Amino acid sequence: MTARLVPAADDATGRRERPLRITVDGEALDGFAGQSIAGVLLAAGRLAWRRGPSGAPRGVFCGIGVCFDCLVRVNGEPDVRACRRRARDGDTVLTQSRAGGGEEAGDEGASGSSAALPAPAEEDNSDTEDGV
Amino acid sequence: MTARHVLVVGAGPAGLAAARSALAAGAEVVLVDSAEEMGGQYHRVPPAAFGAAHPERLQHHWAPFTRLRRELRAHPRCTWWPETAVWALEPRDPGEQGPPRVHLLHGPADGSGRTRHVLAPDALVLAPGAHDRVLPFPGWELPGVFTAGAAQALAKGERIAVGERVLVAGSGPFLLPVAGSLLEAGAGVRAVLEANPARTLARGWGSRPWQLAAHLGKTGELRDYAGQLLRHRVPYRTGRAVVEARGTGRVEEVVTARLRPDWSVVPGSSRTLAVDALCVSHGFSPQLELPVAAGCALLPSPAGEFVRVDGEQRTSAEGVWAAGEITGIAGAPAARAEGALAGWYAAGGDRTARALPRLHQVRDQGRDFAARLARAHPIGAAWPGWLRPDTLVCRCEETDYAALCAAAREESGAAARTARLATRAGLGPCQARICGPTVGELRARLRGSAPDARDAEGLAAPSSHRRPLAQPLRLGELARAPAPPPPGHRADGGPGSVPPRDPGPELPDDPAP
């Protein structure tokens with residue numbers, strides 16, 4: 001077995017469930033309002049959804065937006081941290097991979113306005129840059 | 001006289017206390033946090049959409065927290081901005097006074113439609129907190145291996161139990177509340193493993209640790225966690241660590257081993273244990289990118305680098321104060337006292353306020369607690385003994401230990417920058433947040449020098465915390481003009497124009513609300 005959502009009936013917090021549905025790589029997944037996209041995936045029994053440079057599977061590691069292991073594409077926007085983004089009914093989620101030397105989903109023809117700004121490598125910005 | 005404009009970054013225990021006392025001192029306050037709710041990791045609350053009737057059942061110190069939250073939300077001089085990321089700090093123009101300009105993005109995490117804001121406060125209080133530090137070990141990249149903080153955040157914030165047979169391992173008192181959160185969510189916890197031997201714990205905490213815990217209001221919490229482990233028959237073992245995780249496509253079993261005080265593995269002591277999740281934390285890494293971007297001097301310590309502050313929580317950077325875990329890992333009570341002091345002084349509060357001595361006292365007790373914590377739960381110097389050539393050190397770029405060793409042997413490995421380029425360690429999406437301290441430490445050892453002691457000539461000293469972009473943003477967002485600041489606040493460096501609305505400030509004297 002793996003991760004699971006505490007059933008609302010057993011939940012000491014007295015949680016209410018308002019259903020929502022998202023698709024992940026075309027497959028419908030049911031979740032509840034308030035869950036993050038990572039929460040919906042984990043509750044659906046998915047432990048991994050992204051692939052690292054070697055193709056190795058990755059899922060949630062830090063859970064608080066620090067490690068960037070859980071990145072997904074949401075409604076066309078690449079590189080969204082699944083642990084930080086609340087799921088909304090109808091969200092279209094695509095999993096991402098860096099395998100085969102491909103950059104993180106940025107190579108899938110993202111529109112200009114939503115293209116991720118490449119992370120600045122330190123050696124290019126060493127001592128003078130202030131962020132922009 | 002005009003009201004001081006204070007921007008508080010981070011709405012955990014330190015930031016909330018800072019906002020409160022800055023308001024008490026008469027300031028106009030903007031409080032921002034990347035999360036949707038106040039509370040930070042300590043008061044991680046279920047999302048509002050869960051409609052939880054009894055969120056207090058997952059929390060310690062719930063009533064004072066909710067009172068403070070209500071107070072801040074309702075306060076006419078407090079602007080609360082949830083889901084707000086600070087993506088850059090920009091130095092003021094020459095001749096201009098004050099802390100850096102603060103560039104913000106407001107909206108759903110990593111979205112492209114977020115609103116840009118620029119604020120030019122009179123004072124900046126940084127309280128961004130910390131995240132788990134996890135040392136690498138073979139298999140730590142397998143799905144099902146979580147940081148201890150992730151397991152707790154998922155249990156409290158998402159109501160997800162990460163497994164049915166979970167091992168909690170690493171070092172520090174934080175492992176106990178994590179096990180507690182897992183048990184509450186219905187997970188089975190096989191054991192809690194503290195890597196340091198009992199003798200190190202006893203020596204580190206020193207005499208009368210319970211008295212110290214009582215001062216800081218921690219006794220009840222510790223008693224609750226201990227009772228919970230007993231009730232669920234979860235063993236707490238010292239001097240034992242996870243040295244490998246194994247599985248095909250996910251963690252299926254772990255190898256644990258007995259450790260000597262220096263964390264070298266005792267030969268022949270390894271055991272395997274079937275698990276469906278592993279939760280690890282070897283300590284905490286303060287989130288230093290904003291203080292580093294603001295130009296705050298850091299203070300090295302055996303537990304890592306922290307922001308250097310004076311007795312009033314002021315950093316070395318003009319107009320910048322710091323509070324909470326970025327000044328030392330001391331837990332929520334100390335963070336509250338530090339926040340209360342930082343907010344008060346940042347707002348220009350009266351230095352003779354009656355509540356100050358008590359706050360300074362609690363803060364100092366917190367520093368004592370932090371020192372003992374660091375002594376009781378050190379990272380043993382021999383931990384790299386469990387690394388193998390193919391163990392990943394940088395998760396993002398999948399740089400393994402062998403590549404790091406090879407780079408250090410080569411002449412080009414002499415400079416941190418060239419090594420980073422050669423190995424790509426620290427250049428991936430997380431921008432060295434996870435591997436930075438580890439890579440620095442390993443490189444130093446492999447080269448036999450202090451971490452990053454020398455570097456390419458003419459370039460600023462490298463730091464794994466230097467991130468010109470503190471958070472990712474998108475080109476479209478960058479191209480958009482900033483939206484105006486909240487009423488009463490400025491985006492430029494001009495003089496304040498908002499008169500104080502209620503004179504006669506008084507600092508609340510309860511540092512641990």
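Naming convention: chains lettered A, B, ... in sequence-line order (proteins, then strands); numbering from 1 in each chain. Note: hydrogens, waters and symmetry copies are ignored here, and every other heavy atom, side chains too, is used. What you are looking at is a predicted structure, and each value in this text was computed from that prediction instead of being measured.
Residue D110(B) holds its CG atom at 6.5 Å from CZ of R84(A), rounded to the nearest 0.5 Å. Rounding to the nearest 0.5 Å gives a distance of 5.5 Å between SG of C62(A) and CD1 of I434(B). Rounding to the nearest 0.5 Å places CG of D79(A) at 6.0 Å from CZ of R474(B). A distance of 11.0 Å separates CG in D400(B) from OG in S54(A), rounded to the nearest 0.5 Å. Summarising the geometry, atom OG1 belonging to T2(A) is positioned 10.5 Å from atom CZ belonging to R165(B); distances are rounded to the nearest 0.5 Å. To the nearest 0.5 Å, atom CG of residue D11(A) and atom CD of residue E184(B) are 7.0 Å apart.
Looking at L392(B), the atoms closer than 4.5 Å to chain A (heavy atoms on both sides) all sit in the side chain, from C-beta outward. Using a 4.5 Å cut-off between heavy atoms, N75(A) makes no contact with chain B at all. Looking at R16(A), both its backbone and its side chain come within 4.5 Å of chain B, counting heavy atoms on both sides. If you measure heavy-atom distances from P47(B) to chain A, the contacts under 4.5 Å come from the side chain alone. Within the 4.5 angstrom heavy-atom criterion, no atom of E56(B) approaches chain A.
Between chain A and the options H54(B), R44(B), R159(B), H131(B), the largest number of non-hydrogen pairs under 4.5 Å is found for R159(B). The candidate from E398(B), E36(B), R57(B) with the greatest count of non-hydrogen atom pairs under 4.5 Å with chain A is E398(B). Of the listed residues (P108(B), A153(B), G249(B)), the one with the most heavy-atom contacts under 4.5 Å to chain A is P108(B). Chosen from E83(B), Q152(B), R433(B), the residue pairing most often with chain A at heavy-atom distances under 4.5 Å is R433(B). Considering only heavy-atom pairs separated by less than 4.5 Å from chain A, the leading option among S34(B), P55(B), A35(B), A277(B) is S34(B). The choice from P46(B), G149(B), G157(B), C396(B) that makes the most heavy-atom pairs within less than 4.5 Å of chain A is C396(B).
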Original post:
What do the steps show when you test R395(B) against D69(A) for salt bridge (charged side-chain N to carboxylate O under 4.0 Å, His left out), and what is the final call?
Top reply: CA-CA 8 Å; R395(B) 300 169 62 90; D69(A) 258 11; 2.6 Å; yes
Subject >> Chi angles and distances behind the side chain to side chain contact (heavy atoms under 4.5 Å, CB included) call for V134(B), F61(A) >> reply: CA-CA 10 Å; V134(B) 180; F61(A) 178 60; 4.1 Å; yes
Original post:
Can you list the steps and then say if Q35(A) with F50(B) is a side chain to side chain contact (heavy atoms under 4.5 Å, CB included)?
Top reply: CA-CA 8 Å; Q35(A) 283 183 299; F50(B) 277 11; 4.0 Å; yes
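Checked for salt-bridge contact, R98(A) and E397(B) meet the test: a charged N lies under 4.0 Å from a carboxylate O. The pair E158(B)-R86(A) meets the salt-bridge criterion, since a charged nitrogen lies less than 4.0 angstrom from a carboxylate oxygen.
Looking at every heavy atom in both residues, P472(B) comes nearest to R81(A) through CD-NH2, 3.8 Å. Contact detail for C67(A) and C430(B): the closest heavy-atom pair is O-CB, 3.4 Å.
Looking only at side-chain heavy atoms (C-beta outward), V6(A) and I160(B) stay at 4.5 Å or farther from each other.
Atom CZ of R116(B) has more than 12 neighbouring heavy atoms from other residues, nucleotides or ligands inside a 6.0 Å radius.
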